[in-house]
Structure formats: C-alpha cells, structure tokens
Amino acid sequence: MAPSKKTNVTKKQQPAKVVKAPKASKRRVAEVEEESDNEDFGKVAIDMGSDEEIEDQQSDDDSDEEAEAFPEINLEESDEEDVADDESEENDDYMAGDSLDEEDLEGEEIEEASEDEEDSEEEEEEETNGNDEGEFKIPAPYRKRYAPEQLPEIEGNYDSDSSTEETENTIGNVPLEWYNDLPHIGYDIDGKKILKPATADELDKFLATVEDPDSWKTVKSEIEGKDMILNDEELDIIQRLQRGIIPDSTYNPYEPTVEWFTSKTEVMPLSARPEPKSRFIPSKWEAKKIMKIVRAIRQGRIVPHKPKDEKPRFYNLWGDEDTPREDHIMHIAAPKMKLPEHDESYNPPEEYLPDQDEVKEWNEMDEEDRTKNYLPKKYTSLRHVPAYDQFIKERFDRCLDLYLAPRVKKNRLNIDPESLVPKLPSPKDLRPFPTHQSILYEGHTGRIRALSVHPNGLYAITGSDDNTCRLWEVLTGRCLYMWQFDAVIHALAWCPNVTAWLFAISVGHGEVLLISPPKLASGEQKMVTDQLTKAGYANTSENEQAVSWIRPSESDEEKYGYKIRIQHTQVVKQVTWHRKGDYLATVSPDAKNLAVLIHQITKHQTQTPFKRLKGIVQKVAFHPIKPIFFVATQIYVRVYDLMQQQLIRTLQTSVKWVSSIDVHPAGDNVIIGSYDKKVCWFDLDLSSRPYKSLRYHEKAVRQVSYHKRYPLFASSSDDGTIQVFYGMVYNDLLQNPLIVPVKILRGHETKDSLGVLNIEFHPTQPWIFSTGADGTFRLWT
C-alpha cells in the first residue's frame, strides 16, 4: 500500500477550528532557476509553505482525527478561518528589515526539495497500484504538482497583448515549402533573414535519442526551424488529451450552480414597461372563431342549450314504439344496393340462360371486363340452390364503399341558360348583309376552284377544273369571254389597279399568265396595261432568277390577250397582288426555298424573300396599308416587315392546318380558316393568340374573306354553307371588336365531300360571290 499523506485538499474537506500562533519569519515564494542547453525557461515561482506551517498543519490534522471521527462541516466557520489564516499569513510575510542568514535559506530549500521528492514518489506509487488493479486513476490536479506562475502585471500598451504567441519568424501563415530552395526560413521583426539551422542526419538523431535525456520530449518547430523541449505543463496537457480528460487541470466541471434567475417571485417587477396593446384590444382571431360558432348556430349545426335526452333505465326490446334518432344536418344517406334482376332467380326464364358459347366466352374474359360476376343457372327447387360463393366478398366491398368512398352533398344551381349567353344585337339592326341568292352563273362543268372580282365590281372571272376560265358580267350573268387551257386552273386574281385591265392566272405545272381580256378595255386601259407589262422587256440585264419571263407571240396577244408568261418550277397554288398593282406574289408549297416569290411586273424581276422557310407555306397576303407581308404555314402565321427585312411577330393559331387567310382593310385584324372547322380572329394590337375562335362549321373551312367597305366577313366550308358575320372594328383601342353571326347561306350542293370552295365580297356592295364543287357560281345579295 502507498503511504498516505495529508494534503491541502484533504484539509479543506475536513475543516476544523485552528488557532495559529504568530511565526517568527517565513518566506513564501522561492525562485528557482532551471537552465538547459537548448532553451531558457525563465523564472518559475514556487509557492511553498515553511517547516513551521507543515508541522502546524500535521499537528492540526492529528488533533482533528483524535477529537472527532466524523466532524461537522460548518461553511461559515471555515470561511471565517480562511479569512483569519490569510490575515495571519499576510502579517507573517517577509518584510524589509527582517534578517535571514544564507544557511537558513539553504536549509529551507533542501527541506522543500526533499518534501517534493517524497510527494512525487508517493504519487508514482499510487499510480502504479491503480494500474495494477486495472482501474483508471485521474492524475493529481495541476495545482498540487506545480506552483502557479507569477504573471507580470498587465500594462495598457501594445506589448501587453498576449492573444498570440510571439515568434521570432514573422512570415505569417504561409506555406513553408516556398523556402525549401532558399538558405533562410523567414524574417525577424527587424526584417533580417533568419538562416536555416544545421540539420542533423539520421545517425546524429539516433545518437541524440541515446545520449540526450530530453530527446523524448523534444519536438521540432517548423516555423522556427529548431527543436523545442516541452515543459511539464505542456506534457501534462498532452497526457490529459490522450486520456480524454479536460486539458486545464485547474478547471472544476462540478462547480455549484449559480441561480442567476431566481425561482422566487419578486415583489417589484423587473421593468416598468407599459402593458402591450394586444392585452386590451379584442383579438381578431377570437372574433373569427366566435363568428364561426355563430354561423354554425344559425345554420343549425350547433344547438345551444339543447336539453339532454334522458336515457331510459330499461329498454323495451320487443316494442315498435322506439322513434329513430334524428339525422345530423350534414348526414348523407348511403346509396342503396341494386335490386336483383330476373337472371338472378334460381329458376329464371329460358331466354336469360346462356348457351355454351356464351359460357365459354364469359370464362375466357378477365374479371374486370365481365359485366356480371355470375352466370344465370336454373335449379328445380330452392333447396338445391347452393351457398353464394361471392357473398363475403360483396359484403366486404360494400363496407369499403361505405367508409372509403366520400359522399358530398351537391347543391343544384338554378341558373337560366339564356343568362349565360352574351347579349348580342339583333341581326335586323346590323343590316345590310347578304341574305339570299340573286344570280346563278351557269357554264362551268367542273369544280370551280378560283374566283376574282374586278375592283370596279362590274366583272368577275372564274377558273374551273374543266380547264376553262370565264369572264362574267356581274349584273346580267352573261359570259363575256372564255379561255380554254390544257391543264387545271389553280388560282387567279384581278390586278387591284383600276386603270389597268389585267389579271393573273395559274395554269397547270407552274405556268402563270398575265392576261388582258381583248375587245373589252378602253383605250386608256390598254395604254396603262401595255406600259405595265411591256416596260420590262427593255431590261436586257440577264440575272439568274428563280423563274423565267417569256414573251408570248403576237397572235396569242391579239387573240387571247396574253401579255407575259412566267414559268415556275412547281405548281403555283395561290396568286395575290400588292395594293398598287406592280408586285405579284405566288405560292408554290412544293418548291421548298422557292415556295414564296415576289414578281415586279414593270421590271420583269423576281425576288426570293426567304432563303429558308420553316414549315410548308399555305397562303400569303399583303398588308393593305403598310409594307408588311403575312406568310401562313400549317400551324403558324409569320408577319414580316418588307422594308426592314425582319420578322415582326408569329401568330399562334392553335389550329392543326391553316387553309386560308385574309387581312382587314384597316390592317389591324386578321382572320384565318382551318381544315379542322375553326375560324380564328386575331387582333394584332392585342395578342399573338386568337381573340376569338369560331367553330360554326361542321366540316373543313375552305375560304375566309373580309368586305372592303362594310363591317362584314364570311367563311365557306365543305358542309355547303356560307357563314356571314358582322365584324365591327372600332377606332377606340380600348374597345374590342364586335363579332356577331348574322346569316347562314345555303344553296351549294356537296359533291365528293367538297362544298363551297371559294368566296369573295363585292368591292362596293354588301354582296358576296361563291363557287362550289357542284360547278356553280352564285351571287348572294
């Protein structure tokens, strides 16, 4: 067993009354200097008691043990004793004038050193005994083994900042690899280089571990470049960290709790803060809860002061006088089960019994596809009927339906359907518009695909699948002239210039002819037409053009009125004029990049405005006022500026296949027709999506057209009808266009699933012309 020795700690644990006599002299602090070869650790202050103090303590402890085996602990007395001890020690300190011989000092130092050695031996023996038993012993606190350092007084200047350790090398936190190839490792505070110390080889390091007793606690400082010997305090911290103990030996983790905020209620408040406003203002959320309860009371879901039903003590099991309880106001009765049918009888009629093929088909079907989950069977008597094998499953499904399927009570809205329809003006107030057929122009034998009316409204031309083109007088219905071609006529259009007597026609495979009907034009019209068509022949510069301009023979010109022949590479499906009458646009959907061409008649030049087109072009149209060009593909309508040569916008048609397009005379609105029965009105100032989508036709829409003067537009379809609409566009930008359907014109017959193929309004009158697959040309007035 290790010898037990009383320490200062045990003295505090067992306080007793001590009366100390005044001591002659005592030195409390002795400075011991220890020097090593490598480093100067400075002065270490050791707090030691004198011999007389140790003897007094031992005598006090012995007297305590003899007096009381279990002394009572009195905190107040111990505190008073500590204060008395401190005062006596202060009085006993060494003062100036006290004389101490050197021998006395040397004797005291020798005794103190011997006592330290005895203490260290006892601690080592205790540690070895504890380790032998296999239990971990916490080492003695730091304050028992080392004396507290006498720290210098802090002065309020820059040098007193001890937040960082002062190092000789001042390079800071930089990688030391930067100095590998240099003879120095940094700079001191004066800016002078710190040379690298001589490094020993592996043999010298090995010899140092054998010869140097401090080599086991020597570490190398990278930033200083030299070896540092750890002192006892640093070694103690390292050992504590290895054992998982708190590094600071003076820290007590079991300090008594300090009640900063006491649990006792104070008489006076801690603050004189006024009461918050929310304490005396009615709560908004409480008001909402109260109103919720009030509504429930008004609706009858909550009945206040409802008398409790007194339950009877005894119940009549066999009586029928029990009234059923009242249902809740939100109660919804469960749906009743379907009543059994005739085929569920045990003896059904013969017509309900399945034959062998039906039984086989029923067995081969999946359970989900079967209309009924049973097969009708016939039994001779009721006692031969077996138990129903689906009974448990049906009951279970019924229970699932009752508690899993939610049932909601729907309140039926009594709304007049007529109130949902927008109030539109009466068609009688929107006249004039075409109401009935006036003239039937007969002569064609095939489908009439093409139609155009002269700008003065006196003449009209039509092109048919019978390879003929006819010129009609509008008012009389007389055929004035007929042209016979060798191929089908695809499109034609009058020149919008009233002073010129000219129209363009697409025939066969890419041939476009400019024709001036002979014997019907005045002298001035002939002169203007010749200037328009023949001025380009003087242009001898032969550029590579997408089409070829051919001059017809004089005989054809005199007999048929041919002025120019323009040969394209593919079939031309549409021909349209610019409003000035000098430019002509053609559409060839199969010509890829050459699908859209613009021809200048006076110069005999052809322009290809688009190098690359997205989608198959269906129709094109010129803006009636501005230099804007509309190109309609299958899905989109792209709007281009011809002056700036750029795309302005793209209209999202929301249809599957665009069939036709027309621009309002004011230029701010566009209508398109589609093969999926829709007519879409676009307001260009409003959006790129349709302002209105009209779906009145039962089949594909073939043509749409605006009137040049009246607020009318119309659409024709394969169902044989012409829908006439009143479309008023206001000058006020804040007022949307007014669209009202006013009339349905019926008269054309449907032939080979084709109806009315083309329509066009009269330039000045509220009349409309139409051509159909039945080979008729009609005027509606």
Side-chain angles (χ1 to χ4, degrees), residues 2 5 7-9 31-48 112-113 115-152 161-177 185-186 194 196-197 199-200 202 204-255:
K5 182 178 180 179
T7 61
N8 294 336
V9 175
E31 295 180 355
V32 180
E33 296 183 0
E34 293 179 5
E35 295 183 0
S36 62
D37 298 337
N38 296 330
E39 186 181 1
D40 184 6
F41 284 99
K43 296 180 180 180
V44 180
I46 300 174
D47 188 3
M48 288 287 187
E112 289 169 0
E115 288 178 359
D116 290 341
E117 289 177 0
E118 290 178 1
D119 292 343
S120 62
E121 288 176 1
E122 291 173 0
E123 288 172 3
E124 288 177 0
E125 289 178 4
E126 289 177 359
E127 289 178 3
T128 53
N129 293 335
N131 294 336
D132 292 341
E133 294 174 2
E135 295 180 357
F136 175 73
K137 295 286 187 178
I138 297 177
Y142 164 71
R143 60 176 174 269
K144 291 170 59 180
R145 289 192 283 172
Y146 313 106
E149 292 184 353
Q150 278 191 344
L151 299 176
D161 184 12
S162 61
S163 60
T164 57
E165 296 181 1
E166 293 184 1
T167 56
E168 184 180 0
N169 198 351
T170 61
I171 59 174
N173 188 16
V174 299
L176 296 176
E177 294 83 9
I185 59 172
I194 301 174
K196 290 182 180 178
T199 57
E202 295 298 328
D204 293 338
K205 292 179 181 178
F206 174 72
L207 292 175
T209 58
V210 177
E211 298 172 357
D212 188 7
D214 295 331
S215 64
W216 65 274
K217 56 180 179 180
T218 304
V219 295
K220 184 177 181 180
S221 174
E222 294 290 341
I223 194 167
E224 298 289 343
K226 57 186 180 181
D227 294 338
M228 313 282 289
I229 297 178
L230 301 177
N231 55 20
D232 294 343
E233 184 179 353
E234 293 168 343
L235 289 175
D236 181 52
I237 292 174
I238 293 173
Q239 291 175 0
R240 285 176 166 273
L241 289 174
Q242 289 177 345
R243 295 176 184 175
I245 311 172
I246 298 172
D248 187 5
S249 60
T250 62
Y251 175 75
N252 182 13
Y254 307 108
E255 291 283 351

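- The side-chain contact (heavy atoms from CB on, under 4.5 Å) check on Glu177 picks up Pro175, Asn180, with sequence neighbours excluded.
- Atom NZ of Lys226 is separated from atom OG1 of Thr218 by 13.5 Å, given to the nearest 0.5 angstrom.
- Between the Glu234 side chain and the Asn231 main chain, a donor and an acceptor come within less than 3.5 Å of each other.
- Looking at every heavy atom in both residues, Tyr251 comes nearest to Pro253 through O-CD, 3.5 Å.
- The distance from atom CG of Leu230 to atom CD1 of Ile238, rounded to the nearest 0.5 Å, is 5.0 Å.
- With sequence neighbours left out, Pro247 forms a side-chain contact (heavy atoms from CB on, under 4.5 Å) with Ile237, Leu241.
- With sequence neighbours excluded, the residues that form a side-chain contact (heavy atoms from CB on, under 4.5 Å) with Val210 are Phe206.
- Among residues two or more places apart in sequence or in another chain, the side-chain contact (heavy atoms from CB on, under 4.5 Å) test is passed with Ile194 by Glu168, Asn169, Ile185, Asp188.
- Nearest heavy-atom pair across Gly172 and Ile223 is O-CD1, 4.2 Å.
- Here the straight-line distance linking atom CD of Gln239 with atom CD1 of Ile245 works out to 9.5 Å at 0.5 Å rounding.
- A distance of 8.0 Å separates CD1 of Ile246 from CZ of Arg240, quoted to the nearest 0.5 Å.
- Counting heavy atoms from C-beta on, the side chains of Lys205 and Thr209 never come closer than 4.5 Å.
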